[in-house]
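Starting from 1, each residue takes its place in the sequence as its number. Scope of the values below: all heavy atoms of this structure, side chains included, with no hydrogens, waters or symmetry mates.
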Amino acid sequence: VQLQASGGGLVQAGASLRLSCVGSGRTLSRDTIAWFRQAPGEEREFVAGIRSSDGHKYYADSVKGRFTISRDSAKNTVYLQMNSLKPEDTAVYYCALKIGSAILSSVRQEVTYDYWGQGTLVTVSS
């Protein structure tokens, strides 16, 4: 199983970016996919997730209303649309995969996930 994250870049505050996570070796729609991020000097934190069993979407409070996670089954890709970006969104963003459906209480936990992509850097300038 491989996950390839892309779409990061340098943008100004208020701009938008769309990150992509392309999977190989698994059908992503059957699994739970999440985005995490890690800012310099900080621990990695949950950003958003989509669960396979019911398609339910989960968001960190810090991004709710600004970020949207979605998937395109035909392309075996999960997206993270990021709008109204803020300097505090600056981080390396990782996509992660948990085989099958995660239980509700575990979606936001790093240890839940079996595979990780390499990360893509998002830098938001003020």
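- Looking at every heavy atom in both residues, Ala91 comes nearest to Ala39 through CB-N, 3.7 Å.
- Of all non-hydrogen atoms in Asp31 and Leu97, the two that sit nearest each other are OD2-CD1, 3.6 Å.
- For Trp35 and Phe67, the gap between ring centers reaches or exceeds 6.0 Å.
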Notebook entry, point to check: Which is it for Phe46 and Tyr59 under the side-chain contact (heavy atoms from CB on, under 4.5 Å) test, yes or no, and what are the steps along the way?
Noted result: CA-CA 8 Å; Phe46 172 82; Tyr59 298 95; 5.6 Å; no

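- Trp116 and Tyr58 end up in the same hydrophobic cluster when Ile, Leu, Val, Met, Phe, Trp and Tyr side chains are linked at under 4.5 Å.
- Side-chain contact check for Asp72 and Thr77: no donor-acceptor pair (N or O, by modelled atom type) lies under 3.5 Å.
- Thr120 places a side-chain N or O within 3.5 Å of a backbone atom of Gly8 that can act as its donor or acceptor partner.
- Of the possible polar contacts, one joining the Ser52 side chain to the Arg30 backbone as a donor-acceptor pair under 3.5 Å is found.
- Residues satisfying the side-chain hydrogen bond (donor to acceptor under 3.5 Å, both in side chains) criterion with Arg66, sequence neighbours excluded, are Asp89.
- Note: Ser70 OG to Ile50 CD1 = 7.0 Å, rounded to the nearest 0.5 Å.
- For the pair Arg37 and Tyr93, the NZ or CZ position fails the cation-pi test of under 6.0 Å to the six-membered ring centre and within 45 degrees of the ring normal.
- Checked by atom type and distance alone, the side chain of Gln109 pairs as donor or acceptor with a backbone atom of Ser105 at under 3.5 Å.
- Residue Arg18 holds its CZ atom at 11.5 Å from CG of Asn83, rounded to the nearest 0.5 Å.
- The six-membered or imidazole ring of Tyr113 lies near that of Phe36, with a centre-to-centre distance under 6.0 Å.
- Between the side chain of Thr112 and the backbone N or O of Ser106 there is at least one donor-acceptor pair closer than 3.5 Å.
- Taken to the nearest 0.5 Å, the SG atom of Cys21 stands 12.5 Å off from the CZ atom of Arg71.
- To the nearest 0.5 angstrom, Met82 atom CE is 8.5 Å from Ser16 atom OG.
- Here the CG atom belonging to Asp54 is positioned 8.5 Å from the OG1 atom belonging to Thr32, to the nearest 0.5 angstrom.
- The closest donor-acceptor contact from the side chain of Lys57 to the backbone of Ile69 lies under 3.5 Å.
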